[in-house]
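Just so it is clear, the values below take in all heavy atoms, side chains as well, and ignore hydrogens, waters and symmetry mates. Throughout, a chain's letter reflects where its sequence line sits, starting with A, and its residues are numbered from 1.
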2 protein chains.
Amino acid sequence: MIKKKGPTIQDVADRAGLSKAAVSRYLNKSIRLPQETGRKIDEAVAALGYRRNSIARRLSKGGSETIGLVVPEISNTFFSEMAEAVEQTASERGYNLILGISRNHPDKELGFLRWIDDSIVDGLLFVTNRPDNRRLQLDIRRYGAVVLLDEDIPGTAQDKVFCHNVAGARDATRYLIRTGHRRIFHVTGPVSLMSVQERLEGFRLAHEEAGLPCPDAHIFHHDYSQRFGREVVGQILSHPVLPDAVFAASDYIAIGMLEELKRNGVRVPEDMSVVGFDDTALACLVTPKLTTIRQDAAELGRIGTERLLDALARPETPRGVTRIAASLIVRDSVRDTRT
Amino acid sequence: MIKKKGPTIQDVADRAGLSKAAVSRYLNKSIRLPQETGRKIDEAVAALGYRRNSIARRLSKGGSETIGLVVPEISNTFFSEMAEAVEQTASERGYNLILGISRNHPDKELGFLRWIDDSIVDGLLFVTNRPDNRRLQLDIRRYGAVVLLDEDIPGTAQDKVFCHNVAGARDATRYLIRTGHRRIFHVTGPVSLMSVQERLEGFRLAHEEAGLPCPDAHIFHHDYSQRFGREVVGQILSHPVLPDAVFAASDYIAIGMLEELKRNGVRVPEDMSVVGFDDTALACLVTPKLTTIRQDAAELGRIGTERLLDALARPETPRGVTRIAASLIVRDSVRDTRT
DNA sequence: GGGTGTTTGTAAACCGGTTTATCTGATGAA
DNA sequence: TTCATCAGATAAACCGGTTTACAAACACCC
């Protein structure tokens with residue numbers, strides 16, 4: 001509990017009989033000193049237990065060797081898997097990770113952006129799944145060191161990493177069609193999100209290919225939540241004709257639906273097939289195990305971190321969009337009606 | 001992408017026709033200035049868009065207004081629920097949260113502890129579920145501002161927040177006995193962990209009360225993982241006499257067991273009852289829904305954060321252990337054999 | 001011996017705030 | 001008038017590093 005006042009670089013310099021500058025430059029390897037001198041410094045550092053003060057270092061160097069990850073929530077396994085990968089990648093490259101949880105509050109999001117001005121972080125990995133009212137868009141454009149993950153903010157020119165939403169959704173829908181389903185509903189998030197639009201596009205594409213109709217009445221928009229999954233079941237069950245399959249645009253929606261369908265005596269997949277999206281750890285925990293589109297949150301995090309770190313190292317290089325795979329994982333929630 | 005060089009306090013002072021000192025003290029409310037002077041400063045701040053540099057501030061004040069949370073992993077929902085609560089509580093009290101993921105590596109843990117020396121954080125919330133080889137113990141004692149959550153590090157005198165492990169485990173076991181089970185196995189983590197010992201104690205206590213034997217052969221130690229839950233099923237099924245119930249010391253273990261039991265054609269709860277511990281969000285996702293002991297990760301995080309912030313504000317006050325409730329949540333994984 | 005590098009090392013400025021000790025001028029009391 | 005007091009404001013030290021510009025010492029070559 002004693003107020004610690006660690007030794008400063010001056011103490012090391014004194015003990016080694018050198019100047020601050022020599023010690024600093026030696027420690028940062030920005031100078032090559034003769035063996036003997038280096039040894040004296042090493043000895044002094046060890047004897048005093050010197051560790052440089054990173055705040056002072058940041059102040060004079062202007063960097064923090066820290067990046068931030070901003071997510072709407074962390075208890076969502078999709079985001080926590082992403083966070084784990086980001087931490088791993090960042091720490092391998094000598095960076096710390098600071099975590100920001102925005103709860104989708106615009107003010108919090110803006111506050112996190114300020115971390116960059118504050119030298120709290122050098123750059124930010126940013127995930128938002130809230131429709132933007134342009135405030136975020138205007139603000140975020142000022143920052144070079146922001147990488148957008150998973151969801152776009154229209155009108156920005158940052159580095160971005162998304163998955164192949166269209167292809168993933170198309171494959172999911174094709175698979176349902178191929179296994180004999182003809183009346184497929186789509187349950188998804190708010191229209192304004194890029195991922196929602198793209199998955200919907202994939203869903204439509206697969207229908208067109210197969211020459212199947214795809215009426216708007218079969219599409220349910222709200223948000224990517226378990227709760228919505230539960231609520232939508234009531235709406236679906238009150239339809240005059242029941243679907244034989246549902247493509248949910250997120251595992252959380254799918255899981256909520258699974259729960260509620262079970263409560264209503266609708267068997268999955270016997271009475272209704274369900275496909276999710278994301279393949280979080282939850283997907284194979286539920287019964288039946290969820291057939292879903294795998295979007296590797298860890299890879300999203302890993303690639304995003306690399307992009308960000310590269311952008312920090314070479315701010316000149318142009319920004320771009322990277323897409324990662326979205327591939328079908330077949331489990332037990334779809335019935336093959338051909339057999 | 002332009003190198004930002006925000007206005008400094010000197011710029012504000014110049015514009016307001018005052019000195020740095022006046023501006024700094026006014027902005028920190030450590031002085032009361034006449035209306036007119038204050039207005040001039042406010043005006044200058046607004047006109048220049050001045051925002052103070054938090055790094056410079058940390059260097060001279062010695063504090064960071066940031067706390068850290070160190071967890072073994074974040075994709076474990078127990079820890080992510082905790083993190084969410086910590087972030088919430090900290091941000092309500094004006095603190096930032098930095099997240100450290102230790103992967104149970106001693107070196108990483110030690111590194112995070114150093115964040116305190118580095119002024120990266122003012123204090124740390126620390127969770128480790130790795131048996132300590134005394135290195136951590138020796139190191140952690142030097143820090144006043146470290147609060148231990150969920151799991152103890154023996155030999156330390158920090159503030160600590162745990163749940164009532166003994167009572168929780170005792171209640172779980174009592175419940176199994178009350179519902180007619182007589183041959184109960186206990187699957188748990190490494191013996192060296194406090195939570196393991198305490199839960200085991202509760203397990204034994206309930207047996208003694210009921211006059212039931214509790215042989216060591218019924219207790220399986222390894223770690224708190226889903227994988228171990230899967231693996232232990234093989235060992236259990238090869239026992240000459242099968243248990244009628246298993247008390248798993250973590251939901252992850254229980255969930256792993258549920259999976260593997262199902263694969264082996266053992267029905268839960270008809271053939272075997274299972275009780276978990278923690279009540280993470282996963283518990284009601286699996287089938288059957290898991291009967292478990294609720295240990296509120298969010299409350300753990302909340303209380304821990306408050307303790308830490310209090311300790312930072314008043315380092316003099318004595319440290320202590322706080323216990324939170326551990327209460328039985330009845331769901332579907334236990335069969336009432338009396339009915 | 002003198003010119004030219006090359007090592008080896010240093011003094012001092014700087015990063016952008018906070019804080020302490022001090023100064024100035026006005027007001028009031030004696 | 002003179003001294004004490006006090007509000008209002010400031011200069012300068014400080015936090016602990018990094019970096020620039022330069023000096024001293026030594027080596028090498030002709």
Side-chain angles (χ1 to χ4, degrees), chain A residues 3-42 44-45 48-66 114-122, chain B residues 3-42 44-45 48-66 114-122:
Chain A
K3 177 70 123 280
K4 282 297 258 296
K5 270 199 165 320
T8 72
I9 199 169
Q10 184 67 65
D11 299 330
V12 174
D14 290 349
R15 190 174 221 271
L18 292 163
S19 69
K20 282 168 62 172
V23 176
S24 171
R25 301 181 65 186
Y26 172 74
L27 258 21
N28 288 313
K29 307 193 196 313
S30 67
I31 198 180
R32 229 175 39 77
L33 290 180
Q35 276 252 324
E36 174 58 13
T37 313
R39 206 196 48 69
K40 275 198 287 199
I41 295 178
D42 291 336
V45 165
L48 297 170
Y50 169 76
R51 303 192 349 82
R52 74 174 163 224
N53 178 315
S54 94
I55 295 293
R57 175 170 228 256
R58 289 184 195 197
L59 180 58
S60 64
K61 297 210 22 158
S64 63
E65 274 138 36
T66 300
R114 299 275 160 66
W115 279 356
I116 297 180
D117 297 329
D118 280 4
S119 302
I120 289 181
V121 299
D122 294 347
Chain B
K3 177 71 124 276
K4 282 298 257 297
K5 271 201 167 318
T8 73
I9 199 169
Q10 184 68 63
D11 299 330
V12 174
D14 290 349
R15 190 175 223 271
L18 292 163
S19 68
K20 281 167 64 174
V23 175
S24 171
R25 302 181 63 185
Y26 172 74
L27 256 23
N28 288 312
K29 305 193 198 314
S30 66
I31 198 182
R32 231 175 37 75
L33 290 181
Q35 277 252 324
E36 175 57 12
T37 313
R39 206 196 45 70
K40 274 198 288 198
I41 295 178
D42 291 336
V45 165
L48 297 170
Y50 169 75
R51 303 194 345 87
R52 75 172 160 227
N53 178 315
S54 93
I55 295 292
R57 176 170 226 256
R58 290 185 194 196
L59 180 58
S60 63
K61 298 214 16 162
S64 64
E65 275 138 36
T66 300
R114 298 278 157 65
W115 279 357
I116 297 180
D117 298 328
D118 281 5
S119 303
I120 290 181
V121 299
D122 294 346

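In this structure, B/N28 reaches the C/dT18 phosphate: one of its side-chain N or O atoms is under 4.0 Å from OP1 or OP2. A sub-4.0 Å separation between OP1 or OP2 of C/dG17 and a side-chain N or O of B/S60 is absent. At C/dT18, one or more side-chain N or O atoms of B/R57 fall inside 4.0 Å of OP1 or OP2 (strictly under the cut-off). For A/S24 and D/dT18, the shortest distance from a side-chain N or O to OP1 or OP2 is below 4.0 Å.
Nucleic acid contact class of A/Y50 (heavy atoms, under 4.0 Å, all strands): sugar-phosphate only. Note on B/R25: a base of the nucleic acid sits closer than 4.0 angstrom, heavy atoms only. At the heavy-atom level, A/L59 lies under 4.0 Å from base atoms of the strands shown. Using a 4.0 Å heavy-atom cutoff across all strands shown, A/L18 reaches sugar-phosphate atoms only and no base atom. When heavy atoms are screened at a 4.0 angstrom cut-off, A/T8 is found touching the sugar-phosphate backbone but no base atom. In this structure, A/T37 reaches the sugar-phosphate backbone alone: every heavy-atom distance under 4.0 Å involves primed, P, OP1 or OP2 atoms, never a base. When heavy atoms are screened at a 4.0 angstrom cut-off, A/S30 is found touching no nucleic acid atom at all.
Between the CG atom of A/L33 and the C1' atom of C/dT10 there is a distance of 12 Å, given to the nearest Å. D/dC15 atom P lies 18 Å from atom CD1 of B/I55, rounded to whole Å. When rounded to the nearest whole Å, the span between CZ of A/R32 and P of C/dG9 equals 11 Å. Between B/Y26 atom OH and D/dT10 atom P the separation is 15 Å, expressed in whole Å. In this structure, B/E65 places its CD atom 14 Å from P of C/dG17, rounding to the nearest Å. Between A/Q10 atom CD and D/dT18 atom C1' the separation is 14 Å, expressed in whole Å. In this entry the distance linking CG of B/D14 with C1' of D/dT10 reads 14 Å, nearest Å. Remark: C1' of C/dG16 and CG of B/D11 are 11 Å apart, rounded to the nearest angstrom.
When side chains are defined from C-beta on, A/R52 counts as touching A/N28, because their heavy atoms get closer than 4.5 Å. No side-chain heavy atom of A/L27 sits under 4.5 Å from any side-chain heavy atom of A/V12. For the pair B/D11/B/R15, no side-chain contact is recorded, criterion being any heavy-atom separation below 4.5 Å from C-beta on. Contact annotation: the side chain of B/L59 never approaches that of B/I55 to less than 4.5 Å [non-hydrogen atoms, C-beta and beyond].
In the displayed structure, A/R32 atom CZ is contacted under 6.0 Å by at most 12 heavy atoms of other residues, nucleotides or ligands.
Side-chain atoms of A/S64 come within 3.5 Å of backbone N or O of A/D122 as a donor-acceptor pair.
Comparing B/A21 and B/A56 against DNA chain D, the residue whose closest nucleotide sits nearer the 5' end is B/A21. Mapping B/I31 and A/K20 onto DNA chain D by nearest heavy atom places B/I31 closer to the 5' end of the strand.
Distances were taken from every side-chain heavy atom of B/A22 (C-beta onward) to each of D/dT10, C/dT18, D/dT18; the shortest belongs to D/dT10.
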